[in-house]
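Notes follow once the structure below has been shown.
All chains are named by letter (A, B, ...) in the order of the sequence lines, taking the proteins before the strands, and each is independently numbered beginning at 1.
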Protein chains: 2
Amino acid sequence: MEKHRESIAGRPQQKQLGLRQRKKAQTREAIEAVAFDLFSEQGFEQTTVEQMAERAMVSPRTFFRYFSSKEEVLFAGEREEIRRAGRLLEERGGQESLVESLEAILGSLASEYGLDRERRLIRARLISDHPALLSAYMGLMRDLEAEVAHFLARRLGETAAAEDVRLLAAVFVAVYRASIFQWADAGGKSELPDIIAANLKKLTGGLLRI
Amino acid sequence: MEKHRESIAGRPQQKQLGLRQRKKAQTREAIEAVAFDLFSEQGFEQTTVEQMAERAMVSPRTFFRYFSSKEEVLFAGEREEIRRAGRLLEERGGQESLVESLEAILGSLASEYGLDRERRLIRARLISDHPALLSAYMGLMRDLEAEVAHFLARRLGETAAAEDVRLLAAVFVAVYRASIFQWADAGGKSELPDIIAANLKKLTGGLLRI
DNA sequence: TGCCAGTTGGCATATACTGACATATACGAT
DNA sequence: ATCGTATATGTCAGTATATGCCAACTGGCA
C-alpha cells in the first residue's frame, strides 16, 4: 500500500529548498500516491476526495489546494511530462526533419521507467475502463497539441499557414495517443518510443493512401 | 429568445408516434433550445441546470432524465450527427478509396444548415472560450473515432492490423476536428466540407514530410 | 370505464468544489 | 534567540451537479 510513497522518498531530493517547500512537495506526492493506490484498488469513481484526503492525512479542503479537481490528480504526472516536452522542443535544433524532432521528443516523453511507468499503465487502464475519464484525458492531449503547435510554428516560420500548423499538431498528437494505448493494450511490454517511431514512419509512408 | 423552439416547431413531425412520445420529443427539444439560448446569453458555467429546467418548464429532476449531464445537452446534437455518420459509413460501398469515403461522410456530417449550423457555431464559440468544455468535446471526438475505426475495420478486412485501424481513425478524426475549428475561426464563412477535403488532400500529399 | 405502464415532481442525499475566517508554523530580520 | 509576517492548513458554511426513492398524474389499451 505504501510502495509508491516509499519509492518516491528514496529519490534524490532537490536541495536548497526550504522546509516549507519540501513539506509541500511531500504532501503533494503523498496525495498523488494514495490516489493511485485507491484508484487501482477501487476504480476512479468509487474513490472519493474524502478518502484520498483521509489517507494522505490532509483535509479535503487542502486536497483542492494541491489539485484543482479529482481528475487533476490522475493526470498531473502526464501534464508535467507535457510541459517537459514543451521545454525540450524549445531547445531542439533545426538540422533534423520535423518528424525526427517529434519522434525524439515524444519518444523521450515516454521513456521514463519505474514509478512513472507504473502510474502511466494504471492511468491507461483506468481510462480504457471508464469512458468518462477519456474526456479529461483528451483535454490533456489538446494541451500537448498546443505545445506541438507552438514548436511547429517556430520551426516552420513563415513557410506554413497557421491552419496547417494546427492540422499537423493535431495529427502528430493523434499518433502519440494512439501509440500510448497500443502500448498499454500490449501490457507495456514493448518500448513506447519504438511504437511511436514506427507509427510515424507508417504515416509518412503511404498508410493514408490505402 | 424563442427562435430556436419556433423553428423546430415548424419541422415536419414524425408520424405514427403516440402522444407520449411526441410530448417527450417536444420536451427534449425545448430543453435543448432554452439551453442554447441561455448558453449564448450567459455562457456555459453561468447557466445552471435549475435555470434551464425553469425555462423549459420541467423540474430539475426531469432535466436529468433527458440529459445525463449539463455537458450532454450541449453536445447532444453533435453526438447525434456522429451516430448518423456511423450509419452512413455502414452503407458506403467499396468502389471508392478510403479517403474518398471519409471525405464524403465527414463532409456530409458538416453540411447541415439552419438550426444545426447555428448551434454548431455557438458550440464552437463556447468551446473556444472555455477550455473546460474542450475536454468534454474531445470525448465526443473519441466516439467519432470509434465509428470511423469500425468502418475502417470492415473496409480493410484482414489486410490491416487492428493497431493500424485505430491509428488511421485517430488521424482522420484529428483532421475532422482541426477542420471544424478552422472553419469556426473563420466565422463559418467558407464551406466546412471543402475545408475537410482540402486538409485530407494536404495530408495524403506530402505535408507530413516537411 | 378502469387497470397498467410510463412520466413526472418533490424530497432526501451523496459528492465535488469554493469562499471566508481562524489558527499554526516556517521563514526572515533584528 | 525572538519577534513579526507570510504561508499553509483546518473548519465551517454554502452552492451546484447528479441520483435514488416514492407518490401522483396521465396516456394507452383491454
Partners of [X] by salt bridge (Lys or Arg N to Asp or Glu O under 4.0 Å), sequence neighbours excluded?
| X | value |
| --- | --- |
| A/D185 | B/R166 |
| B/K202 | A/D164 |
| B/R83 | B/E80 |
| A/E72 | A/R79 |

Nearest whole angstrom, please: distance from the [atom2] of [N] to the [atom1] of [X].
| X | N | atom1 | atom2 | answer |
| --- | --- | --- | --- | --- |
| A/E72 | C/dA16 | CD | P | 15 Å |
| B/K70 | D/dT15 | NZ | P | 16 Å |
| A/E71 | C/dA16 | CD | P | 10 Å |
| A/R28 | D/dA8 | CZ | P | 13 Å |
| A/F64 | D/dG10 | CZ | P | 14 Å |
| B/E45 | D/dT15 | CD | P | 17 Å |
| A/F67 | C/dA16 | CZ | C1' | 16 Å |
| B/Q42 | D/dA16 | CD | P | 12 Å |

Please figure out whether A/P60 or B/S68 has its closest DNA chain D nucleotide nearer the 5' end.
->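 Result: A/P60.
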For A/F172, which residues count as a ring-ring contact (aromatic ring centres under 6.0 Å, His included) partner, sequence neighbours excluded?
->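 By the ring-ring contact (aromatic ring centres under 6.0 Å, His included) rule, A/F172 matches no residue at all.
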List for me each residue that meets ring-ring contact (aromatic ring centres under 6.0 Å, His included) alongside A/F75, sequence neighbours excluded, and say none if there are none.
-> A/Y137
If you look only at pairs with a residue in residues 121-130 of chain B, which of them pass as a salt bridge (Lys or Arg N to Asp or Glu O under 4.0 Å), with sequence neighbours excluded?
-> B/E78-B/R123
Nucleotide-resolved protein contact map, nucleotides 24-30 of chain C, B/S/- at heavy-atom distance under 4.0 Å | -BBS---
Choosing from C/dC17, D/dT11, D/dA8, which nucleotide comes nearest the side chain of A/Y66?
->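 Of the candidates, D/dA8 comes closest.
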When we call it a touch if two heavy atoms are under 4.0 Å apart, what does A/T48 touch: a base, just sugar-phosphate, or nothing?
->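 Sugar-phosphate only.
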Apply the test side-chain hydrogen bond (donor to acceptor under 3.5 Å, both in side chains) to residues A/Q182 and A/N199: give CA-CA distance (whole Å), side-chain angles for both, the deciding distance (0.1 Å), then the verdict.
-> CA-CA 10 Å; A/Q182 183 178 334; A/N199 282 336; 3.2 Å; yes
Answer yes or no: is there an ion pair linking B/R177 with A/E145, defined by an N-O contact shorter than 4.0 Å?
->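 Salt bridge present between B/R177 and A/E145.
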Paired with A/V175, the side-chain contact (heavy atoms from CB on, under 4.5 Å) test is passed by just one of A/I195, A/L203, A/L102, A/I180, namely A/L203
Distances for protein N/O vs nucleotides 21-24 of chain D N/O pairs under 3.5 angstrom?
none

Under 4.0 Å: is that the gap between some side-chain N or O of A/T62 and OP1 or OP2 of D/dT9?
->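 It does not, given that no N or O in the side chain of A/T62 lies less than 4.0 Å from OP1 or OP2 of D/dT9.
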Residues from residues 124-140 of chain B lying under 4.0 Å of DNA chain D - heavy atoms |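 None - not one residue of the stretch has a heavy atom sitting under 4.0 Å from the strand.
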How would you list, by chain and number, every residue that makes a side chain to side chain donor-acceptor pair (under 3.5 Å) with A/E90, sequence neighbours excluded?
->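 Scan of A/E90 (side chain to side chain donor-acceptor pair (under 3.5 Å), adjacent residues dropped) gives A/H150.
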I'd like a table of donor-acceptor pairs (distance under 3.5 Å, sequence neighbours excluded) in which one partner is a side-chain atom from residues 56-67 of chain A, with atom names and distances.
from: A/S59; atom 1: OG; to: A/R61; atom 2: N; distance (Å): 3.4
from: A/S59; atom 1: OG; to: A/T62; atom 2: N; distance (Å): 3.2
from: A/S59; atom 1: OG; to: A/T62; atom 2: OG1; distance (Å): 3.1

